[in-house]
Amino acid sequence: MHHKGMTPDGTLYNNVAPLRTVQGLATLIEKLQGRHPDLPGMGCLSGWSGFGKTSACIWAVNSYGCIHVEVESTWSAKYLCESILKELGERPTGTVAHMVQRIKELLAMRDVPLLIDEADHLMKKQTIEIIRAIYDGSLVPVILVGEEEMPSKLRAWERVHNRIGGWAQAQPADLEEFFCLAEIYAPDITIENELAEHILAGSRRSLRRISINLADVREVALTKGIFSIGLNDWDDGRLFTGQAPSPRSLPK
């Protein structure tokens, strides 16, 4: 059986909405937006690298008007606040305390969710408390996005953990999602099921690795001048697994 990049209802994949990680984030946002005022409104999306968390955040920005900030390990509390204000369209000025107050006001006024991507970095520098203060002062949904172990790490921050009103987990790719991604990275190429399942397993169901392999599938098909590709057409040495090459001996 051959497949192209179709969703179950037969529509072509033209955005990331069919991905389960996206659906999980959408459900979490809607739950927090529709919560009772007395219930906690922070959330957490966690999962292994490559499972589409950042792509889901970008989708949420376009679909829900979320403010999305991707934290880096070198960021200070001041830089974090400056970055959030810039995403809110405001020029950062003043002390950290002044900026936090302004962020609260702007978020409350706009009533849009705040997504903090790579939030693991905040726990290492204790700046996670700034995010809690922003939530307390605005009461808009604030969602922490991070690695698989982040929910366990949050237990150490009781005042943050107690404000979590919903959890979502990024999902590994399945065969349906493989063909959704194929519509983007290998358009007009029909990929046989056997090859699709082989790449899915070899990529360890990482959306990022699958996308890299799909681009390579397209290159192979174009090089061979074929529009339908199966396992027999594929050199398995090309499979990108994410594993680094083994060290080599020095030439003699």
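By the ring-ring contact (aromatic ring centres under 6.0 Å, His included) test, His98 pairs with no residue at all, sequence neighbours left out. Applying the side chain to side chain contact (heavy atoms under 4.5 Å, CB included) criterion to Ser76, with sequence neighbours excluded, gives Lys78, Tyr79.
We find the CD-CD distance between Glu87 and Glu82 to be 13.0 Å, quoted to the nearest 0.5 Å. A distance of 9.0 Å separates NE2 in His198 from OG in Ser203, rounded to the nearest 0.5 Å. Atoms CD and OG, on Glu118 and Ser73 in that order, are 9.5 Å from each other to the nearest 0.5 Å. Rounding to the nearest 0.5 Å places CZ of Arg155 at 12.5 Å from CG of Asn162.
Using the six-membered ring where Trp is involved, Trp59 and Tyr64 have ring planes that are perpendicular, over 60° apart on the 30 and 60° scheme.
Two residues are said to be in side-chain contact when any heavy atoms from C-beta on lie closer than 4.5 Å; Arg35 and Pro141 meet this criterion. Residues Leu19 and Ser55 fail the side-chain proximity criterion, which asks for heavy atoms closer than 4.5 Å. Side-chain contact check for Cys81 versus Val100: some heavy-atom pair is nearer than 4.5 Å.
Cluster membership for Ile134 and Leu115, using ILVMFWY side-chain heavy atoms within less than 4.5 angstrom, is not shared. In the hydrophobic cluster analysis, where Ile, Leu, Val, Met, Phe, Trp and Tyr join through side-chain heavy atoms closer than 4.5 angstrom, Leu28 is grouped apart from Ile131. Both Val142 and Trp167 belong to a common hydrophobic cluster when Ile, Leu, Val, Met, Phe, Trp and Tyr are linked at side-chain heavy-atom distances under 4.5 angstrom. Under a hydrophobic clustering in which Ile, Leu, Val, Met, Phe, Trp and Tyr are joined whenever their side-chain heavy atoms come within less than 4.5 Å, directly or via other members, Ile143 and Met42 fall into different clusters. By the criterion of side-chain heavy atoms lying less than 4.5 angstrom apart, applied directly or through intervening Ile, Leu, Val, Met, Phe, Trp or Tyr residues, Val61 is not grouped with Val69; the two fall into different hydrophobic clusters.
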(message) Apply side chain to side chain contact (heavy atoms under 4.5 Å, CB included) to residues Glu147 and Lys53 and explain how you reach the verdict.
(response) CA-CA 9 Å; Glu147 294 299 314; Lys53 299 186 299 294; 3.8 Å; yes
(message) Checking Val220 against Arg238 for the side chain to side chain contact (heavy atoms under 4.5 Å, CB included) test, could you report, in this order, the C-alpha distance in whole Å, the side-chain angles of both residues, the deciding distance, and whether it holds?
(response) CA-CA 10 Å; Val220 170; Arg238 301 179 70 104; 3.4 Å; yes
(request) Report the C-alpha distance between Phe227 and Thr190 in whole Å, list the side-chain angles of each, state the deciding distance to 0.1 Å, and finish with yes or no for side chain to side chain contact (heavy atoms under 4.5 Å, CB included). (result) CA-CA 6 Å; Phe227 296 96; Thr190 298; over 6 Å; no
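With respect to Asp188 and Arg218, no salt bridge is recorded, no charged nitrogen being found less than 4.0 Å from a carboxylate O. Here Asp136 does not pair with Lys104 in a salt bridge; the nearest charged N to carboxylate O distance is not below 4.0 Å.
When hydrophobic residues (I, L, V, M, F, W, Y) are linked wherever their side-chain heavy atoms come within less than 4.5 Å, the members clustered with Trp48 are Phe51.
No donor-acceptor contact under 3.5 angstrom links the side chains of Thr93 and Arg102, judged on distance only.
The closest donor-acceptor contact from the side chain of Asp233 to the backbone of Ile229 lies at 3.5 Å or more, if one exists at all.
A side-chain contact (heavy atoms from CB on, under 4.5 Å) with Ile116 holds for exactly one of Val145, Ile128, Leu122; it is Leu122.
A pairwise comparison of heavy atoms in Leu107 and Val140 identifies O-CG1, 3.3 Å as the closest pair. Across His68 and Thr54, no two heavy atoms sit closer than the pair CE1-CG2, 4.3 Å.
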